[in-house]
There are 4 protein chains.
Amino acid sequence: MAQPDTVTRILDTAEVLFAERGFAETSLRNITSKAKVNLAAVNYHFGSKKALIQAVFARYLDPFTERFHAALDELEAEYAGRVIPLEVLLESMAKTVLDVPAERNSLKVFMRLLGLAYSQAQGHLRRYIQDHYGSVFSRFSELVRKATPELPEAERFWRLHFVLGTVIFTLSGLDALRDIAEKDYGDHVSVRELIRRLRPVVVAAMNAPLPDAAPDSLPAAV
Amino acid sequence: MAQPDTVTRILDTAEVLFAERGFAETSLRNITSKAKVNLAAVNYHFGSKKALIQAVFARYLDPFTERFHAALDELEAEYAGRVIPLEVLLESMAKTVLDVPAERNSLKVFMRLLGLAYSQAQGHLRRYIQDHYGSVFSRFSELVRKATPELPEAERFWRLHFVLGTVIFTLSGLDALRDIAEKDYGDHVSVRELIRRLRPVVVAAMNAPLPDAAPDSLPAAV
Amino acid sequence: MAQPDTVTRILDTAEVLFAERGFAETSLRNITSKAKVNLAAVNYHFGSKKALIQAVFARYLDPFTERFHAALDELEAEYAGRVIPLEVLLESMAKTVLDVPAERNSLKVFMRLLGLAYSQAQGHLRRYIQDHYGSVFSRFSELVRKATPELPEAERFWRLHFVLGTVIFTLSGLDALRDIAEKDYGDHVSVRELIRRLRPVVVAAMNAPLPDAAPDSLPAAV
Amino acid sequence: MAQPDTVTRILDTAEVLFAERGFAETSLRNITSKAKVNLAAVNYHFGSKKALIQAVFARYLDPFTERFHAALDELEAEYAGRVIPLEVLLESMAKTVLDVPAERNSLKVFMRLLGLAYSQAQGHLRRYIQDHYGSVFSRFSELVRKATPELPEAERFWRLHFVLGTVIFTLSGLDALRDIAEKDYGDHVSVRELIRRLRPVVVAAMNAPLPDAAPDSLPAAV
DNA sequence: TATGAATGAGGTTTCATTCAT
DNA sequence: TATGAATGAAACCTCATTCAT
């Protein structure tokens with residue numbers, strides 16, 4: 001038959017619906033009926049709804065991890081022990097992020113899923129991601145550490161998450177924001193266009209001056 | 001009686017549970033049983049689960065809106081027609097955000113709710129927030145516009161949301177991040193401390209150089 | 001105050017809603033909110049929903065009974081022992097039915113209620129009507145008996161109900177039927193006009209020839 | 001297994017309970033517990049309570065429609081273009097009505113349901129019946145029109161509904177009426193017996209003289 | 001006399017999951 | 001390998017009624 005097999009149909013449908021509505025708001029019935037698949041098929045093929053959610057993530061994160069490791073391998077070979085500049089690291093990550101879902105033409109979905117992973121993660125998902133993909137993030141963090149030797153450890157940690165927040169928040173809420181931007185400014189942006197806009201902001205954020213060291217005089221500082 | 005009335009007990013319980021688990025994952029039973037209140041009380045006092053969600057938001061946003069308008073009034077009076085600098089505007093907002101829930105000692109909850117509003121908003125909530133609190137945000141945007149005349153309209157729009165993403169993402173995921181930071185760096189941060197760290201990053205992000213104007217050479221531009 | 005008191009407002013609203021939707025489909029909330037009356041008022045003034053239903057009927061049936069008794073008194077006086085013709089009896093009843101609700105201008109509601117009493121009566125209502133208004137119907141039946149001596153007892157009983165069915169069915173479904181009649185035949189009828197049409201039919205029905213006496217050969221007789 | 005399948009058990013139980021108590025007064029719990037079936041089974045097999053109600057009707061009306069069309073086909077063939085007399089038409093309808101539920105031995109239930117359809121129809125049911133079974137009724141009306149050429153259009157419309165009221169009202173309230181008849185006149189009637197009694201009445205009603213044409217002189221005309 | 005608050009029961013519907021085939 | 005049927009739990013909501021004031 002020309003149409004993809006059951007497992008693929010379920011995954012394709014599930015990722016779209018999850019991205020649109022979230023996990024709890026998407027029922028297995030929604031998925032199976034839209035995928036034109038038997039209701040019991042999800043439990044048969046995946047075991048449970050939780051396992052399906054993880055499988056949806058794995059389909060993006062497995063190739064991402066593989067490619068990102070490869071990209072970092074290349075960079076390390078290229079720089080041969082010398083420090084890899086922050087911009088280069090960020091660019092490498094961005095390129096990988098853009099590449100992975102390109103095959104499925106659904107970067108937006110990927111980003112929404114990442115956003116959901118943070119905002120809706122029911123524990124099992126957070127654990128799953130940590131267990132399966134923590135290593136590549138650790139490796140990247142270590143390289144960022146070398147690229148920003150002037151930053152205190154804790155400061156770097158926080159700034160990486162500041163930046164992560166910007167990226168995930170923006171890309172996962174893209175549709176809504178894009179609608180507003182287009183209506184108000186006639187500005188229609190693609191994901192790639194948006195990433196172009198993100199680059200200088202992210203770099204500036206990472207390189208921002210350190211805050212005043214006075215945690216006591218807060219009322220005035222805020 | 002010493003214990004607060006039914007409506008308050010419901011709201012107090014609901015906001016905590018919503019913040020912890022999200023809207024769909026929190027049932028009215030969860031709320032009413034934890035609040036030691038009759039199951040039907042929610043529908044009696046609020047009409048529906050949707051209306052309860054909105055009421056939870058209103059309890060934060062109503063005072064926030066009022067105070068923020070007042071703070072902006074003060075600033076406009078103080079600057080008497082002159083441009084209010086970006087840092088001052090941001091500081092004013094931060095101060096208001098910090099003040100409002102202080103009475104209830106739950107900034108974290110407020111931020112989690114804001115995060116949910118973006119990631120889980122089921123339409124009705126987004127509409128509600130837009131309708132009820134859009135005006136104060138518009139006013140703030142307009143002041144930011146005057147404070148950053150060099151930024152193109154669209155660019156400013158996006159950067160404001162980049163920054164919003166940073167703030168909401170960080171503050172709403174605060175607990176998890178704080179745990180990691182403490183374990184790995186012995187760095188125990190308070191919310192105020194975190195905001196101190198956010199300040200230079202946010203300012204730098206808003207003032208970052210404009211991106212290259214080349215939307216076509218994307219592969220290289222990331 | 002110009003507006004009627006609580007009890008009246010409840011009754012006025014209840015009869016309309018009952019007539020429109022039926023008893024079970026009309027909640028006390030529907031009634032009290034439309035009547036702009038406190039929810040507890042029904043239970044306070046009437047004791048229960050059942051009692052309210054009975055009160056709604058009583059407001060029509062009490063004056064009806066009284067007047068019908070009076071009308072029959074007059075007829076009996078006028079005919080002084082002689083048989084009162086069937087047409088006269090029917091006409092008297094029709095006149096009374098038309099008169100009673102005239103004050104409230106809602107014959108239709110009265111008829112709908114009568115229809116409901118038959119089709120939806122939950123026992124308590126059937127009993128209530130039987131207990132309170134059985135006597136006047138018995139008196140009328142007895143007069144009809146005298147007016148149609150040629151009819152076997154059982155036959156008369158059934159024919160009275162045949163006719164009752166026609167009247168109640170037609171008048172209680174009047175709105176829907178009138179819409180169809182108007183659309184299809186440009187025939188806009190008033191209640192009085194309809195009753196004019198009913199008269200010869202009812203008389204013909206009562207005077208129809210007796211059925212073949214062959215209850216055994218049914219399959220052929222239908 | 002000897003016992004019928006779930007769908008049939010639900011339908012069998014539902015039609016009895018609906019007929020006894022009405023739609024709103026019969027809960028799905030009533031049905032499923034009496035049918036010894038899981039509560040969710042109704043929604044699984046029918047989708048909603050409304051759909052179940054429609055299915056209950058369809059089980060009667062589908063075969064009725066089919067057979068009635070067939071019966072009219074036969075009559076038209078037999079009369080070969082000549083007018084089919086009113087009595088023949090009515091007899092044909094009565095025969096079909098009696099035949100259909102015979103298999104299920106529950107004419108009474110069928111009649112109660114028809115009565116409910118008129119008195120309790122919540123819109124959705126009236127629409128459903130109109131959509132699905134309007135055509136056979138139209139065909140019958142047209143034949144009646146030819147059989148009663150002397151009747152004005154509007155008059156025929158009303159008389160058909162007068163008669164319909166008699167039939168539905170009597171047959172749907174049969175149990176109560178039968179009890180009374182038996183108690184008062186020792187007259188125990190079967191449905192078939194009752195239909196025998198209805199025949200001359202219905203014919204007489206349809207053939208009644210036209211009413212006086214005086215819609216103005218109402219008080220006297222009643 | 002009247003009412004706002006509250007309650008327990010029960011309504012329909014949807015859920016993820018299991019089972020027999 | 002796959003599926004239609006079925007299930008128990010739990011979801012949100014509405015109900016008539018009661019109670020303290």
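Every value quoted in this text rests on a predicted model; they were computed, and no experiment measured them. Throughout, protein chains are lettered first and strands after them, A, B, ... in sequence-line order, and every chain is numbered starting at 1.
- A distance of 9.5 Å separates CG in A/L116 from CZ in A/F18, rounded to the nearest 0.5 Å.
- Put simply, CD1 on D/I31 is 17 Å from P on E/dG10, counting in whole angstrom units.
- Inter-residue side-chain proximity for C/N38 and C/T6 is flagged as unmet; no heavy-atom pair is nearer than 4.5 Å.
- The strand DNA chain E forms stems, runs of 3 or more Watson-Crick or G-U wobble pairs with distances below 3.5 Å, at E:2-21 with F:2-21.
- Of the listed residues (C/V7, C/L11, C/L52, C/V37), just one forms a side-chain contact (heavy atoms from CB on, under 4.5 Å) with C/H45, and that residue is C/V7.
- Considering all non-hydrogen atoms of both residues, C/A19 and C/L113 come closest at N-CD2, 4.2 Å.
- As a whole-Å value, the separation of D/H45 NE2 from E/dT13 P is 16 Å.
- A straight line from NZ of C/K36 to C1' of E/dG4 spans 19 Å, rounded to a whole angstrom.
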For ring-ring contact (aromatic ring centres under 6.0 Å, His included), just list the numbers for C/Y128 and C/H132, CA-CA rounded to whole Å, side-chain angles, deciding distance to a tenth of an Å, and then say yes or no.
CA-CA 6 Å; C/Y128 176 84; C/H132 286 68; 4.0 Å; yes
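- At a threshold of 4.0 angstrom between heavy atoms, the contacts of B/T6 are confined to the sugar-phosphate backbone, with no base atom among them.
- Between A/N38 and the phosphate of F/dG4, there is a side-chain N or O to OP1/OP2 separation shorter than 4.0 Å.
- Look at CZ on A/F46: it is 15 Å from C1' on E/dA16, rounded to the nearest Å.
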Nucleotide N/O to protein N/O under 3.5 Å, stretch nucleotides 14-18 of chain F:
residue : atom : partner : partner atom : Å
F/dC15  : OP1  : C/S27   : OG           : 3.3
F/dA16  : OP1  : C/K49   : NZ           : 2.8
F/dA16  : OP2  : C/L28   : N            : 2.9
F/dT17  : OP2  : C/K49   : N            : 3.0

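- As rounded to whole Å, 13 Å separates atom P of E/dT14 from atom CZ of A/R21.
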As a quick check of understanding, evaluate side chain to side chain contact (heavy atoms under 4.5 Å, CB included) for D/T32 and D/T13, giving each step before the final call.
CA-CA 8 Å; D/T32 53; D/T13 311; over 6 Å; no
Would C/L39 and C/R29 satisfy side chain to side chain contact (heavy atoms under 4.5 Å, CB included), going step by step from the backbone distance to the final call?
CA-CA 6 Å; C/L39 170 60; C/R29 268 182 162 71; 3.7 Å; yes
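- Salt-bridge check for C/R59 with C/E15: passed, with a basic side-chain N closer than 4.0 Å to an acidic carboxylate O.
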